[in-house]
Amino acid sequence: TDSRCSSKTEYFDLFVDVTTAKITIPEHAKVGMAVTGFHKSLASTIVKAADKETDQGIIKVIALKTKELIAVVKQVQAQSASAPAGMERFLADVAVAEGLTS
């Protein structure tokens, strides 16, 4: 990880430093985001991938986790599932970011 990236907090809401396995949430994002089990699991998955995968492999892992997250958003939108505890706002933000709102 380029150490300069973590200081550019205006560019992210959640930062996973794969070298230290640390999750950083900048002040501007803390208001609407609580770190949940999902975030910790995602960070752990990315860190593990960074230890054994190429950059392309890490991108594939992140893409897979993103697809899983979008599936959860769609399930909640279809009301076939309720949002996991503490993730209501996060899932709503993901829905907006992915263009899944009407």
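All residue numbers refer to positions in the sequence shown, counting from 1.
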Practice task
Could you pull out the closest heavy-atom pair between T9 and S6, with the gap in Å?
Solution key: CG2-O, 3.7 Å

Problem - D93 CG to E88 CD distance, which is reported to the nearest 0.5 Å - result: 11.5 Å

Side-chain atoms of residues 54-67: list all donor-acceptor pairs with protein atoms under 3.5 Å, sequence neighbours left out, distances to 0.1 Å.
{"from": "T54", "atom 1": "OG1", "to": "Q56", "atom 2": "N", "distance (Å)": "3.4"}
{"from": "T54", "atom 1": "OG1", "to": "G57", "atom 2": "N", "distance (Å)": "3.1"}
{"from": "K65", "atom 1": "NZ", "to": "E68", "atom 2": "OE1", "distance (Å)": "3.4"}
{"from": "T66", "atom 1": "OG1", "to": "I62", "atom 2": "O", "distance (Å)": "2.8"}

Practice task
For F12 and C5, work out which heavy atoms get closest and say how close.
Solution key: CE2-O, 3.6 Å

Under 3.5 Å, side-chain donor or acceptor atoms of residues 35-47 against the rest of the protein: list the pairs with distances, not counting sequence neighbours.
{"from": "T36", "atom 1": "OG1", "to": "F38", "atom 2": "N", "distance (Å)": "3.2"}
{"from": "T36", "atom 1": "OG1", "to": "H39", "atom 2": "ND1", "distance (Å)": "2.9"}
{"from": "H39", "atom 1": "ND1", "to": "T36", "atom 2": "N", "distance (Å)": "3.0"}
{"from": "T45", "atom 1": "OG1", "to": "S41", "atom 2": "O", "distance (Å)": "2.9"}

Completion exercise
Minimal heavy-atom distance between P26 and D13, with the atoms involved, is CD-O, 3.3 Å

Exercise for the section: Could you check if a side-chain atom of L91 sits within less than 4.5 angstrom of a side-chain atom of L69, using non-hydrogen atoms only? Expected result: yes

Problem - Close side-chain approach of K22 to T24, heavy-atom, < 4.5 Å - result: yes

Completion exercise
What one should report as the nearest heavy-atom pair of H28 and E10 is CE1-CA, 4.4 Å

Exercise for the section: Report the residues that fulfil side chain to side chain donor-acceptor pair (under 3.5 Å) with E27, sequence neighbours left out, ordered by chain and then residue number. Expected result: K30

Handout entry: Single-linkage hydrophobic cluster, 4.5 Å side-chain cutoff, L100 and V94 together
Key = yes

